[in-house]
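Okay, so here's the structure we're looking at.
Numbers here simply count residues along the sequence, with the first being 1.
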Amino acid sequence: MLADEPILPGIVKGCVYDAKTGSPIAGGEVTVCDTDSFFSTGSNGEYLMILPAASHTLLAEAPGYQTEELEIKITFGEPLTQDIKLKGLV
């Protein structure tokens, strides 16, 4: 990318679920590694972030669950749906 080219945004959205029950996880957090960007999930477990079109590493976590790390690729004009399943600590 050239220095004078604009950084185009893209969207990633999804839901954070309990891997065993399939229930949405309220109060979870999805963080974009190496940035200050994060989103807390609501009662429906959903999140939505606008990020620069590029590859990113997401970190999903919630109290009582194992942390999940995954790689995504954001493309301008093509919203990405990325649901995340977290395993319980027990």
Side-chain angles (χ1 to χ4, degrees):
M1 180 182 293
L2 300 175
D4 58 349
E5 288 184 16
I7 298 174
L8 300 174
I11 295 173
V12 60
K13 61 182 179 175
C15 188
V16 179
Y17 293 102
D18 181 297
K20 186 175 183 179
T21 67
S23 299
I25 298 174
E29 192 169 278
V30 180
T31 304
V32 182
C33 295
D34 299 326
T35 73
D36 293 331
S37 299
F38 70 92
F39 190 92
S40 297
T41 62
S43 61
N44 58 4
E46 292 182 347
Y47 73 96
L48 182 139
M49 290 189 265
I50 298 172
L51 301 169
S55 294
H56 299 279
T57 302
L58 298 183
L59 195 65
E61 53 194 341
Y65 291 90
Q66 296 177 22
T67 300
E68 181 74 23
E69 185 176 304
L70 58 145
E71 301 292 323
I72 61 166
K73 182 171 173 75
I74 302 292
T75 304
F76 174 71
E78 297 178 23
L80 172 65
T81 299
Q82 181 65 62
D83 292 335
I84 304 168
K85 294 180 180 178
L86 297 181
K87 297 177 183 173
L89 291 175
V90 183

side-chain hydrogen bond (donor to acceptor under 3.5 Å, both in side chains) pairs touching residues 75-90, sequence neighbours excluded, are none
| Main-chain N/O of Ser37 paired with Thr35 side-chain donor or acceptor, under 3.5 Å | yes
Item checked: Thr41 side chain vs Gly27 backbone, donor-acceptor pair below 3.5 Å -> yes
Ser43 and Ala26 have their tightest heavy-atom pair at CA-CB, 3.7 Å
Is the closest side-chain heavy-atom distance between Ile84 and Tyr17 below 4.5 Å?
no
Please list every donor-acceptor pair under 3.5 Å in which a side-chain atom of residues 49-74 meets a protein atom from a residue at least two apart or in another chain.
unit_1 : atom_1 : unit_2 : atom_2 : d
His56  : NE2    : Pro52  : O      : 2.8
Thr57  : OG1    : Glu71  : OE1    : 3.0
Thr57  : OG1    : Glu71  : OE2    : 2.8
Tyr65  : OH     : Asp18  : OD2    : 2.7

ask   = Quick one: are Thr31 and Phe39 in side-chain contact, heavy atoms under 4.5 Å?
value = no
In this structure, CZ of Phe76 is separated from CD1 of Ile11 (nearest 0.5 Å) by 10.0 Å
